[in-house]
Amino acid sequence: MTSTKQQSSPLPPTKSEALRQGAHDAIPIGLGYFAVAFSLGIICRSSGLSVFQGFLASLLNNTSAGEFAAITLIGTNASYMEIALVTLIANARYMLMSCALSQRLQPGQSFLHRLGIAFAVTDELFGIAIARKGALNPWYYYGAMAVAIPGWAFGTASGIIAGSALPERIVSALSVALFGMFLAIIIPPARESRVILTVVLTSFIASFVATYVEPLSQLTGGTRTIILTVAIAAAAAWLRPVQDVQKEA
């Protein structure tokens, strides 16, 4: 007599289990966000933002590059249009990430779940979500958001408080951390691709030249950034499309 064993597939996690898994996986992200946002708080303080304003800005804008750019422009009294355009350009990649996440969600998810996830699409949260096997439970993403977003917001507030208490020389020295973060973002991909390295060097040179050459020198810093970003990115996409870069790698 042969006995058959019924093999059952593992049940999907419940809402509470998915929430706990997401929160657990996002602990390193939250700690990293706190450290980076501390430097953002120094910039917020230099731009004249209060602790509450900086905290609220980071709570509602969960992107590093976009918020750093926006806060820097606020410090230069840039117009609302300049701030909006620079933030849109800096955060444009999250539109593609949102499309990718929507394809990974469990079937039948409501519009509210999609809207909730779209509120905090960041590189790191996207990474842990897209790396999970099978369909994505939205409650897993909510758990990750619950840890990562407070780390970013409280890190900013802590940086502002520290910037108000520390001497000006130390605050000025801590502001250098912003440039260190940008270098940490730029250097690894630039070392792997000559195209990216060329684009980065071109951006540095073009930004320096535009500061002194008319008519670009007559524009505000935010407007120059928008023009150069769009022009250099469009030229790079036209001259070296993505498939060429992949072949080179």
Does the side chain of [X] reach to within under 4.5 Å of the side chain of [Y], using non-hydrogen atoms?
X      : Y      : result
Asp25  : Tyr140 : yes
Val121 : Asn62  : no
Leu19  : Tyr141 : no

Subject >> side chain to side chain contact (heavy atoms under 4.5 Å, CB included) between Phe55 and Thr156, intermediate numbers included >> reply: CA-CA 6 Å; Phe55 176 84; Thr156 303; over 6 Å; no

**OP:** Give a yes-or-no answer on whether the side chains of Tyr94 and Thr122 include a donor-acceptor pair shorter than 3.5 Å.
**Re:** no

Subject >> Pair Gln21, Trp139: side-chain N/O donor-acceptor within cut-off below 3.5 Å >> reply: no

Of all the heavy-atom pairs spanning [X] and [Y], show the shortest one and how long it is.
X      : Y      : value
Val51  : Ala157 : CG1-CB, 3.9 Å
Asn61  : Gly66  : ND2-C, 4.3 Å
Ala70  : Thr87  : CB-OG1, 3.7 Å
Ser58  : Ala153 : CB-CA, 3.7 Å
Asn137 : Thr14  : ND2-O, 4.4 Å
Ala148 : Leu125 : CB-CD2, 4.0 Å

Original post:
Mind checking whether Phe38 and Phe34 have parallel, tilted or perpendicular rings, split at 30° and 60°?
Top reply: tilted

**OP:** Please say whether more than 12 non-hydrogen atoms of neighbouring residues, nucleotides or ligands are located less than 6.0 Å from OH in Tyr142.
**Re:** yes

